[in-house]
Amino acid sequence: MARILITSAIPYINGIKHLGNLVGSQLPADLFARYNRARGHEVMFICATDEHGTPAELAAAKAGKPVAEYCAEMHEVQAEIAKGFRLSFDHFGRSSSQRNHALTQHFAGRLADAGLIREVEEQQVYSVDDGRFLPDRYIEGTCPNCGYDSARGDQCDNCTKQLDPTDLINPHSTISGSTNLEVRTTKHLYLRQRSLRDKLEAWIDSKKDWPILTTSIAKKWLNDGDGLQDRGITRDLHWGIPVKKGDQIWPGMEGKVFYVWFDAPIEYIACTAEWADAQGLPDAAWQRWWRTDMGASDVTYYQFMGKDNVPFHTLSFPATILGSGEPWKLVDYLKSFNYLNYDGGQFSTSRGRGVFMDQALSILPSDYWRWWLLSHAPESADSEFTWENFQVSVNKDLADVLGNLVSRVTKFCVSKFGNTVPSAGEMGEQEARLIEELGQRIKDYAACMEAMEVRKASAELRAIWVIGNEYLQAAAPWSVVKTDPERAQAMIRLSLNLIRVYAILSAPFIPDAAATMMAAIGSDDWTWPDDIAGAMTALPAGHAFSVPENLFRKITDEERADWQQKFAGIRS
RNA sequence: GGCGAGGUAGCUCAGUUGGUUAGAGCACACGACUCAUAAUCGUGGGGUCGAGAGUUCAAGUCUCUCUCUCGCCA
């Protein structure tokens, strides 16, 4: 039994995420967590909401609520939706937790002690009317290069020239529209990533089995231009983790908070502590997942994220860990995903384009979405959601291939032999072949799952479902029953057992349907079918079962057309 | 502009270290079956692997040039 630590990139607090966000981190992480639990491994699966930063403050202001209250509410909303998608986090925490405050301050203190923090005085734009410093992208004005009148403080969208906010002509705050801006001097802390560059590169180079997507992004940041740059880790904001050196005041940094990207990954660790607190367990319970000197040396740590998160997880966060000089667990395998596009373009949160998690669940149960998203996960390249493809995949794979198989077996048995597992008849050559092929297929499936080859795993699972239909078609118990009812009983006995095995194998992808199958078959034995021959005879003769409602319904053309239009534009 | 990832059957995608007639699912056509959610199973048609040049006995797979798409540029 292995010990497996899994973290999903933590979703930002301001609003509900779309399906592209889901498939890039939380969902594949959940698949992997469920699979490893099914194999009997000890799993810790962690996710949280990322709550700090200017966008959260602004969203709260827009909602007319104090930011802490807003975040608490949105956390509950996201937690509910995560449950709706059956995301099986051991804990869904909050980056604003006291645990994260303490741990973030602790890391900053360690980094300072190691000489890895430097203080920098810089000029930043302060909005008098907003009463706050403005991040570059919240300042707009006329581009000095091309005259475009909505250039942002960091870049002109028209001529793409990189800008400093102070370059802009007639700058104004995009928060209030105020032009009452002034440049003020402020002091910030920088993490000296440059001095850790070689150490980070050696660490990245040691990861031979990481996806190219992951290592190429990391390499780029290590080597591009002047190489890895030091990074500001503090901000002049109110909402965030106060800058402290451990539990001590940091002179000159009063009133400032850590930058959201500094504290967010630390929440992975803090969240595990939150889990221990919630379980009423001592610190040792979470430390044995994270501290190699406290029992975590046998833990394998997997991270899941979209490609936009890779730099922070391959460089900034490891810099924090390595720089601390303490034996914290570094990631062992980083699985990154490309983007999911929506019907010929991008998902857009601001324009309400595409399907958001809450809307998806209001249309269809989570299994439908889980199946499509995972079987089309953007692993090797960006992939695309279209309603036609979604409809076809769901109807064919789930309803026709799997759902119908369960129907035909259970209904046939009830009509011919009653609602218990029939006892007569012997297995023949066809059954032996089925079992043999199944055994091989399950090995292939498991190999894909262990390699986190999500698409391939889904294809293998589908192939496993198809085997059942192939067998039935060839064995044709509906014909055999007329001349040799005992043979037909043996066939159906095997087929009923097959449904239980399919429930186990399918559960990581479609947990609800799997539970329905298992319940219908009247079993609660989720043991992974390593011994396939044994698993295929697990249900004793006379064991009662029931015919489940149809596992999956089909998506009609009308629904498809309706949804296509509904989600094309502005969110209502 | 720089960097990165891609351009393989109508559609969505696989194609390991270069090696026999380029694969899967869907869609399409035909056939079988009738237990089942008009479901299932089988067979078949369909691709000059973005364009060109090069290396090689041999290239979708390596090199160069060009072209198109997408992303990133703190």
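Naming: A, B, ... by sequence-line order, numbering from 1 per chain.
Looking at the side chain of A/Q473, the nearest of the listed nucleotides B/rG25, B/rU34, B/rA32 is B/rA32. The side chain of A/K396 lies closest to B/rC26, out of B/rU34, B/rC41, B/rC26. Between B/rU40, B/rC41, B/rU37, one nucleotide has an atom nearer to the side chain of A/V466 than all others, and that is B/rC41. The side chain of A/V392 has B/rC26 as its nearest neighbour among B/rC26, B/rC41, B/rU12.
Of the residues in residues 398-436 of chain A, those placing a heavy atom less than 4.0 Å from an atom of RNA chain B are A/A399, A/D400, A/G403, A/N404, A/S407, A/R408, A/K411, A/F412, in numerical order.
In summary, A/R553 and A/E559 engage in a salt bridge, as defined by a charged side-chain N under 4.0 Å from a carboxylate O.
In this structure, B/rC73 forms a base pair with B/rG1, meeting either the Watson-Crick or the G-U wobble geometry with both donor-acceptor distances under 3.5 Å. When both distances must be under 3.5 Å, the Watson-Crick or G-U wobble mate of B/rG54 is B/rC62.
No cation-pi contact links A/K443 to A/Y445, judged by a cut-off of 6.0 Å to the six-membered ring centre and 45° from its axis.
Residues meeting the side-chain hydrogen bond (donor to acceptor under 3.5 Å, both in side chains) test with A/E429, sequence neighbours left out: A/R433.
Rounded to whole Å, the C1' atom of B/rU56 lies 32 Å from the corresponding atom of B/rU69.
Contact annotation for A/R553: no contact, since no heavy-atom pair falls under 4.0 Å across all strands.
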Checklist line | Derivation and outcome, salt bridge (Lys or Arg N to Asp or Glu O under 4.0 Å), residues A/E426 and A/R487 | finding: CA-CA 7 Å; A/E426 298 296 324; A/R487 258 301 278 155; over 6 Å; no
